[in-house]
*Asks:* 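Structure below; questions to follow.
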Number of protein chains: 2
Amino acid sequence: MEFASKGSWLSEGGPEADVVMSCRVRAARNLVGFPFVARASDAERHELVHIAKQVVLDSELGQEMIWVDLAKATSRDRQLLVERHLISRHLAEADMPRAVAVSEDETLSIMINEEDHLRMQLIAPGFRLAELVEQIEKVDETLEQKTDFAFSSRWGYLTACPTNVGTGIRLSVMMHLPALKLTNEIERVRRAAKDLHLAVRGYYGEGSESAGDFYQISNQVTLGQSESELLEEFVQVVLPRVIDYEHQSRKILVERNTNLLDDRVHRALAVLRSARLLGAEEAMKHLSRVRLGIHLRRLQDVQLDVINRLLLQIQPGHLQLHIGADLSPDRLREARANVVRKALR
Amino acid sequence: MEFASKGSWLSEGGPEADVVMSCRVRAARNLVGFPFVARASDAERHELVHIAKQVVLDSELGQEMIWVDLAKATSRDRQLLVERHLISRHLAEADMPRAVAVSEDETLSIMINEEDHLRMQLIAPGFRLAELVEQIEKVDETLEQKTDFAFSSRWGYLTACPTNVGTGIRLSVMMHLPALKLTNEIERVRRAAKDLHLAVRGYYGEGSESAGDFYQISNQVTLGQSESELLEEFVQVVLPRVIDYEHQSRKILVERNTNLLDDRVHRALAVLRSARLLGAEEAMKHLSRVRLGIHLRRLQDVQLDVINRLLLQIQPGHLQLHIGADLSPDRLREARANVVRKALR
C-alpha cells in the first residue's frame with residue numbers, strides 16, 4: 001500500500017487550526033434486506049462486501065476511490081489505515097470479510113462491515129464541521145442512487161447501535177488542548193463534556209488515552225435530532241466554548257506563566273532533537289508542546305507542517321513502512337527517534 | 001564571604017578523575033582537659049573556640065587560614081560552606097559556639113565544635129588518598145606543637161564517637177558511578193560496600209540521596225587499625241575494584257548499548273541547554289550524564305571543567321550568592337536554569 005507523505009487533512013490549516021487539528025463527520029448506513037453485521041452469516045458478510053463494492057465503484061464517486069479488501073491486506077497495511085484515521089481499530093482487527101474504500105486525497109473513506117454495513121467518513125483539517133455535514137449528505141445521496149438504505153419514517157436511519165439511529169450521523173473533532181492540560185483545567189472540560197452527553201476520547205478513539213494533549217470530542221446521541229439541531233448545539237455553542245477556553249488558558253500561560261510555558265516548550269523541542277530512543281507516547285507529548293510553542297510564537301525555527309507530519313510518521317505502522325520491515329519495540333523507539341531528529345534538524 | 005569561582009579541589013583532574021571526583025581525609029581530635037562537645041557547657045564551648053583559634057592561627061598554618069565564626073555568619077554563608085564541602089551540615093545548623101578555619105585554596109578546613117573539638121579535613125580532586133593521609137598527618141603534627149590532643153596508649157586518639165577512636169582518621173571518596181547506575185549494577189556495589197563495613201552516602205553526606213549518580217564512600221570503623229592498614233584495605237583493594245567495575249560498565253555501554261548511552265547523554269545536555277526551570281536534583285542527574293558523555297567522548301562541544309563548576313554553582317547557596325539575594329524555591333529553579341543555560345551555550 002502506498003500513501004502520499006501525509007494525509008491531506010493534516011496538510012492545511014483550516015479555521016481555528018491552532019486548537020482544532022481536524023474534524024470528522026461519519027454517517028452509518030445499512031442495506032435493506034440484510035441483517036446487521038454482528039448478526040449476519042459469513043456468507044452474508046461476503047455478499048455485503050461484494051454489493052458495497054459495486055455500489056461504491058459504480059457510483060459517481062467510483063473513479064476517485066481506492067478499494068482495499070481488508071481481509072487480504074497485511075496487518076501492517078491495516079495498521080497504517082488506522083493511524084491515518086481511515087478505518088477504525090475495530091475494523092482493522094475484526095475477523096470477517098470487510099473492506100474500505102478510500103478517496104485518493106484521503107478525505108473520504110467508506111468502511112464496509114464495521115458495526116454497520118457502511119460507514120462513510122469525511123475528515124478535514126481545522127474546524128469546518130458544517131461544510132463536512134453538507135458534503136456527507138451528498139455522498140449519502142450519491143450512494144443512495146445505487147442502493148436502498150434501511151430507513152424508518154418514525155425513527156430515521158436504522159443502525160446497529162441505538163445511539164446512532166436517526167440521522168446516523170456522528171460529528172467529532174480532534175482538539176489540541178495543551179494549555180488546558182498544563183493549567184490542570186482539562187478535567188473541568190471533561191466533566192462539562194460529560195454533562196452535555198459528549199464523548200471525550202484519546203488520539204486513537206475509543207479506549208485510547210489522550211496522548212499528547214489531543215482529545216477527540218464527539219456527540220454521542222443522534223436519535224431524535226435533525227442534522228441542523230446537531231450542528232446548532234455542538235458546532236455553534238459547545239465547541240466554540242472549548243476553543244475559547246483553550247485560547248484563554250494559552251493567554252494566561254503567555255502573560256502570567258511565561259517561564260513554565262517556555263520551559264515546557266523548549267525542553268520538548270530539545271528532547272525531540274536529541275533523543276536516540278523515543279516512545280510513541282513521549283513523542284506525542286513533546287510534539288504537542290512544540291505545536292503549542294509554534295502557535296504562541298515561542299519557537300522560531302520549527303515549521304508547523306513538520307510537526308503535523310511527524311504526528312503521523314511516529315506511529316508504528318508509518319515507521320515500519322518507512323523502514324520497510326516489521327520492527328521490535330526497541331527498534332521502533334530507535335527508528336522513531338531517528339525520524340524525529342532528522343525532521344527537526 | 002567571598003569564594004574563588006570554584007573550589008580548587010574541583011578544578012583539576014587528578015588520578016582516575018573520570019570516576020573519582022574528589023577524595024577527603026578527616027582527622028578527629030579533642031583537646032585534653034575538656035569534655036566532648038556534646039557534654040560541654042556553653043562556656044566551655046566558647047573557650048574551646050577561643051583556644052582552637054589561637055592554636056590554629058598561631059601555628060605554622062596560621063598565615064594561610066581564614067577564620068570564620070559560624071555563630072556570627074549568615075545562614076547563606078553557612079550554606080555556601082556546606083555546598084563547598086568545607087563544613088558539615090551538622091556544624092552549619094548547630095546552635096552553639098562553633099567555627100571553621102579554611103585555607104585560602106579551600107583544600108584544608110578545620111571545624112571547631114563539630115562532634116569532636118577539632119575535625120581537620122583535606123580534600124583534593126581525583127584519587128589520591130595516600131597523599132592526603134600523609135598531609136593530614138603533617139597538619140596534625142603542626143597543631144600538636146601548640147596543644148595536646150586526648151590520646152590513650154591503649155586506644156589511640158579519643159573521640160566522641162567510638163567508631164572514630166584509634167587513628168581518628170576517616171577516608172572518603174566522592175565517586176561518579178553513572179554507568180553502574182544506568183546498567184542497574186549499583187545495588188551490587190552498595191551491598192558489597194556494606195559487607196566491607198563501608199558507608200555509602202549521597203552527595204551531601206549522611207542521610208542525603210545519591211543525587212546525579214554521585215556516591216560518597218567512606219570507611220566506617222577506625223578502631224584498632226593503623227593508618228597503613230586503613231590505606232591498604234580501602235585504598236589499594238576496595239576502591240580500585242569499584243573504579244574498575246564502573247570502567248567495565250562504561251565499556252559495555254559504549255560497545256553494546258550505544259543507543260541507550262547516547263540517548264541519555266544527548267537528552268541530558270539538551271535539557272540543560274533548554275530548561276527555563278530546573279530543580280537541583282534534576283540538574284545533578286543531567287550534569288552527571290553529561291560528565292559521563294564527556295569522558296566517553298560522546299559529546300564534543302562541552303568542557304569538563306564547566307560541568308564540574310556547575311555542580312557547585314547549581315546549589316542554592318551559590319545561586320543566592322550569584323544573584324545577591326535570598327530566593328524562593330521557584331526563583332531558585334529559574335536562576336539555576338539560567339546559570340546552566342548560560343554556561344552551556
Side-chain angles (χ1 to χ4, degrees), chain A residues 182-183 253-283 285-287 289-290 292-294 296-302 314 319 323 327-345, chain B residues 182-183 253-283 285-287 289-290 292-294 296-302 314 319 323 327-345:
Chain A
L182 265 182
T183 54
L253 273 179
V254 171
E255 286 172 5
R256 293 189 226 156
N257 232 331
T258 328
N259 259 326
L260 176 72
L261 173 66
D262 281 343
D263 184 67
R264 297 304 190 268
V265 161
H266 284 99
R267 274 177 188 247
L269 182 57
V271 168
L272 292 172
R273 279 183 168 156
S274 63
R276 264 63 175 172
L277 297 169
L278 199 54
E281 210 170 307
E282 195 198 356
K285 184 178 90 178
H286 295 316
L287 287 171
R289 289 181 174 174
V290 169
L292 176 69
I294 294 171
L296 296 183
R297 298 168 197 277
R298 314 308 297 180
L299 296 172
Q300 268 71 52
D301 56 344
V302 198
I314 60 167
L319 289 172
I323 303 284
L327 299 173
S328 69
D330 269 1
R331 292 285 155 223
L332 270 177
R333 294 196 302 144
E334 195 182 319
R336 185 177 294 113
N338 290 339
V339 163
V340 168
R341 227 166 50 252
K342 201 172 162 192
L344 294 175
R345 199 175 286 159
Chain B
L182 264 183
T183 54
L253 272 180
V254 170
E255 287 171 6
R256 294 188 226 158
N257 232 331
T258 328
N259 260 326
L260 176 72
L261 173 65
D262 281 342
D263 185 66
R264 298 303 191 267
V265 161
H266 284 99
R267 274 177 188 246
L269 182 58
V271 168
L272 292 172
R273 278 182 168 156
S274 62
R276 265 61 176 173
L277 296 169
L278 199 54
E281 209 170 307
E282 195 198 356
K285 184 179 91 178
H286 295 315
L287 287 171
R289 289 180 173 175
V290 169
L292 176 68
I294 294 172
L296 296 183
R297 298 170 198 275
R298 315 307 298 180
L299 296 173
Q300 269 70 52
D301 57 345
V302 197
I314 60 167
L319 288 172
I323 302 285
L327 300 173
S328 69
D330 269 1
R331 291 287 155 221
L332 270 177
R333 294 197 301 144
E334 195 182 318
R336 184 177 294 113
N338 289 340
V339 163
V340 169
R341 227 166 50 252
K342 202 173 162 191
L344 294 175
R345 198 174 285 160

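Computed from a predicted structure; not experimentally measured. Each chain gets a letter, A, B and so on, in the order the sequences are listed, and its residues count up from 1.
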*Asks:* Identify the heavy atoms of B/R276 and A/N259 that sit nearest to each other, and give their distance.
*Replies:*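 Scanning both residues, the minimum pair turns out to be CB-O, 3.7 Å.
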
*Asks:* Which region of A/L278, side chain (C-beta onward) or backbone (N, CA, C, O), has a non-hydrogen atom less than 4.5 Å from a non-hydrogen atom of chain B, or is it both or neither?
*Replies:*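 When you check distances to chain B, atoms from both the backbone and side chain of A/L278 fall under 4.5 Å.
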
*Asks:* Roughly how far, to the nearest 0.5 Å, is NE2 of B/H266 from CZ of A/R341?
*Replies:*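 One finds 8.0 Å between CZ of A/R341 and NE2 of B/H266.
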
*Asks:* Which atom pair, heavy atoms only, marks the closest approach of A/A270 to B/S274?
*Replies:*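 Looks like CB-OG, 3.2 Å.
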
*Asks:* Over all heavy atoms of both residues, which pair between B/L277 and A/D263 is shortest? Give the atoms and the distance, please.
*Replies:*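 Shortest heavy-atom contact: N-OD1, 2.8 Å.
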
*Asks:* Counting heavy-atom pairs closer than 4.5 Å to chain B, which one of A/E334, A/R333, A/R267 comes out on top?
*Replies:*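 Maximum pair count with chain B is reached by A/R267.
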
